[in-house]
Each structure stands twice: as structure tokens, then as C-alpha cells.
Amino acid sequence: MRYFRMCFLAGVSVAGLAAAAAAQSTVDSPSAVQASPLAPPAGVAPAQAQSAPNQAPPAAVPDPQPGPQPVQPAPPAPNVTPQPMQPPPAPPGPLEPQPVQPPPTLPVPGQPGPAAPTQQQTGLPDPNATLAAKAADTSDVASVTLAPKPVLMRAGQATWDQGFQQLSEAVGALRAEAQRTGLAVTGRPLSLFVETTDDGFRFEAMLPVAIAPGGQAPALGPDFKMGTSPAGAALRFLHQAPYDDIDSTYETITAYLEAKSITVKDAFLEEYVSDLNDAGDPNLEINVYVQPK
């Protein structure tokens with residue numbers, strides 16, 4: 001509303017200015033011309049001609065041109081911010097000479113070439129690795145899957161009274177043969193009981209080892225051979241007691257299999273988590289594996 005009021009007042013002011021300008025521009029009446037009277041027309045008496053009243057002067061004619069219009073101010077010039085002048089680019093400096101690579105040298109005939117860089121081995125074998133991971137609850141039976149491993153083997157037999165001593169000597173002989181031939185040990189020693197009688201048992205002592213690249217086993221002694229550990233599904237029972245008490249563990253295994261009606265293979269596999277140094281060691285730990293048929 002304030003904008004429209006300002007426009008209306010501006011129009012009234014312009015109209016007043018135009019009227020005043022028109023009044024000032026009125027032309028003044030011309031003065032009477034001093035001249036001798038004209039002769040009266042024919043038939044008119046001179047007295048009548050003189051008695052005729054003088055005609056009134058013409059009315060003032062207003063100036064047809066309108067008054068001066070107000071001049072509109074010119075729009076302000078835009079504020080242009082001067083831009084800084086960019087300095088001219090510097091001339092490129094002299095190029096540095098690049099070193100010249102010497103030509104490759106050719107091997108001299110008859111001389112061996114440089115040795116290839118040796119690769120750093122990653123993932124060294126663990127000599128204490130077991131066939132299956134240890135369960136969180138060791139008081140119960142665990143169902144596991146045995147992965148086949150290459151093993152260094154030695155067959156043996158013993159009476160029940162000399163069983164622990166014969167097993168310990170067989171494991172020691174396997175470690176000595178692996179060290180002599182350069183085979184890396186990759187797990188805990190094993191014993192597979194292949195036959196039992198009233199007098200004793202026959203067994204195959206095993207030591208997991210790593211085969212050299214190329215799959216060729218080294219030359220072994222007459223009492224040793226290479227083989228593969230048992231593989232497949234198995235039940236693992238834990239024995240943590242002196243070796244003299246291992247019969248109680250086998251009684252538990254037999255009772256479990258009968259209660260579950262599980263038929264297993266005739267061979268039992270023992271894995272010695274602890275070293276066979278003392279048959280009376282109360283902390284001796286042995287994994288006993290049985291495989292269902």
C-alpha cells in the first residue's frame with residue numbers, strides 16, 4: 001500500500017507542474033496598430049463607419065507544446081571487482097640429463113648364472129598339532145573327522161608288561177630317523193594297534209612329517225617306511241591319567257559303544273599329546289580314536 005500511495009502523489013505533482021508551465025507560456029495580446037482609417041464602403045455614411053465599435057482582440061492561444069518532463073536518473077554502473085593479473089609463466093628450466101642404463105650383460109658360456117632368490121617360508125609346520133582340534137568339554141566323547149597325513153612308520157610288537165617301554169622306544173626311533181633324513185615333524189606321534197592277544201599286541205608307530213617338494217621321500221633305514229595316517233569319521237576319547245590306568249579308559253570305550261550299538265573297526269589309534277617319558281605321570285594326556293565301520 002505504501003508503494004501505490006507514493007506513485008499517486010508523484011502523478012499529482014507532475015500535473016501541477018505542467019499546468020503552471022502552460023500558463024507562463026501564454027502569448028501576450030498585440031498592441032493596437034496606429035494607422036489611418038480606411039475609406040468607408042460605398043453607400044455607408046462616414047459617421048456610421050466611425051461609430052462602429054472596435055473589434056475585440058483575439059483570445060490568447062495556449063502553447064500546444066507540453067511542459068518539460070522530469071529527467072530519469074541513469075542506472076548505477078555495476079560494481080566490477082578488478083581481477084589480479086596472472087604473472088606470465090616462467091620459462092622452463094634446463095632439463096636434467098637422465099642416467100643412461102647400461103646394456104644387459106650376457107652370461108659367459110660355461111659359467112653358472114646368478115642364484116635365484118630364495119622364497120621365505122610361511123606357515124611353518126607345527127610339531128605339536130593333533131589330528132583333531134581339542135574340544136572345549138573334554139569329559140564327553142567327541143565326533144571328529146580325521147584328515148590323512150603323510151607319516152613315517154615303524155612296525156613293532158610288545159608284551160603287555162613292556163608295552164609302554166616299547167612304544168616310547170619306537171617313537172624315539174622315528175624322531176631320530178626324521179632328523180637324519182631332514183623330514184620336518186608336523187604333528188604328535190601315533191600308535192595304531194593292529195592286533196591284540198592275551199600275551200601282547202602288534203602296533204605300527206607313526207610320526208606325521210612333511211614330504212619334500214616333488215613328492216619324493218628320502219632314503220630311509222631298513223626298519224622305516226612312509227605311509228598315511230587313518231582318515232575319516234571317528235570318535236575321540238580322552239585319557240588323562242598314568243599309562244598304567246589306560247585299561248579303565250578302554251573299559252569306558254567298550255561300554256559306550258555297546259550302549260550306543262556302534263560297531264567299530266578292530267584297530268585302535270592312540271595319539272600321544274604328552275611325551276612318553278614316565279608311565280606313572282598323572283598328567284599324561286592321550287587321545288584314543290575309534291572309527292565306526
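Side chains included, hydrogens not; waters and symmetry mates left out as well; all remaining heavy atoms used. One-based numbering along the sequence shown.
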Checklist outcome for this item: In this structure, CG of L269 is separated from CZ of R236 (nearest 0.5 Å) by 12.0 Å
Checklist entry - How are the rings of F268 and Y250 set relative to one another: parallel (under 30°), tilted (30 to 60°) or perpendicular (over 60°)? => result perpendicular
Checklist entry - In terms of hydrophobic clustering (I, L, V, M, F, W, Y; side-chain heavy atoms under 4.5 Å; direct or indirect links), are V264 and L192 co-clustered? => result no
Checklist entry - Nearest heavy-atom pair of P230 and L146: which atoms, and what distance? => result O-CB, 3.7 Å
Checklist entry - How about T159 and D199: do any of their side-chain heavy atoms sit closer than 4.5 Å? => result no
Item to check | Closest approach of K149 to T130 (non-hydrogen atoms, all atoms of both residues) | outcome: NZ-O, 4.0 Å
Checklist entry - Would a distance-only check, ignoring hydrogens and angles, find a side-chain to backbone donor-acceptor pair under 3.5 Å from T263 to K293? => result no
Checklist entry - Would you say the side-chain atoms of W160 pair up with the backbone N or O of F201, donor to acceptor, closer than 3.5 Å? => result no
Item to check | Heavy-atom check, side chain of L152 versus side chain of M226, under 4.5 Å | outcome: yes
Checklist entry - Are any non-hydrogen side-chain atoms of D244 and F164 less than 4.5 angstrom apart? => result no
Next on the checklist: Under 4.5 Å between side-chain heavy atoms, counting indirect links through other Ile/Leu/Val/Met/Phe/Trp/Tyr residues: same cluster for V194 and V288 or not?
Outcome noted: no
Checklist entry - Under 4.5 Å between any side-chain heavy atoms of V185 and L207, yes or no? => result yes
Checklist entry - Of all heavy-atom pairs between T186 and V209, which one has the smallest distance, and what is that distance? => result OG1-N, 3.4 Å
Item to check | Spatial distance of atom CD (E271) from atom CG (L238) [nearest 0.5 Å] | outcome: 10.5 Å
Checklist entry - Side chains of Q291 and Y289: is there a donor and an acceptor less than 3.5 Å apart? => result no
Next on the checklist: Tell me whether D278 at atom CG has more than 12 heavy atoms from other residues, nucleotides or ligands lying less than 6.0 Å away.
Outcome noted: yes
Checklist entry - Is V144 reachable from M206 through a run of I, L, V, M, F, W or Y residues, each pair having side-chain heavy atoms under 4.5 Å apart? => result yes
Item to check | Short side-chain to backbone donor-acceptor contact, S274 and E285, under 3.5 Å | outcome: yes
Checklist outcome for this item: In short, F203 meets A170 closest at the heavy-atom pair CE1-CB, 3.9 Å
Checklist entry - Under 6.0 Å from the CD atom of Q157, do we count more than 12 heavy atoms belonging to anything else shown? => result no
Checklist entry - Would you say the side chain of D245 lies within less than 4.5 Å of the side chain of T249, judging by non-hydrogen atoms? => result no
Item to check | Reported CG-to-NE2 distance for the pair N287 and H239, which is rounded to 0.5 angstrom | outcome: 11.0 Å
Checklist entry - When hydrophobic residues are tied together by side-chain contacts of less than 4.5 Å, even through go-betweens, does F237 share a cluster with V273? => result no
Next on the checklist: I'd like to know if D126 and R188 make a salt bridge, using a cut-off of under 4.0 Å between side-chain N and carboxylate O.
Outcome noted: no
Checklist entry - Taking all atoms of both residues into account, what is the closest heavy-atom pair of L257 and L235, and its distance? => result CD2-CD1, 4.1 Å
Item to check | Gap separating the CG atom of L220 from the CZ atom of R154, nearest 0.5 angstrom | outcome: 12.5 Å
Next on the checklist: Please report the interatomic distance CG(L284) to OH(Y272), rounded to the nearest 0.5 Å.
Outcome noted: 9.5 Å
Checklist entry - About how many Å separate CG of L190 and CD of E270, when rounded to the nearest 0.5 Å? => result 10.0 Å
Item to check | pair P127-R175: side-chain heavy atoms closer than 4.5 Å | outcome: no
Item to check | Closest non-hydrogen atom pair between P150 and I211, with its separation | outcome: CB-CG1, 3.9 Å
Checklist entry - Do S168 side-chain atoms and L276 backbone N/O form a donor-acceptor pair below 3.5 Å? => result yes
Next on the checklist: Taking F224's backbone N and O only, do any of them form a donor-acceptor pair with E177's side chain (distance below 3.5 Å, no angle check)?
Outcome noted: no
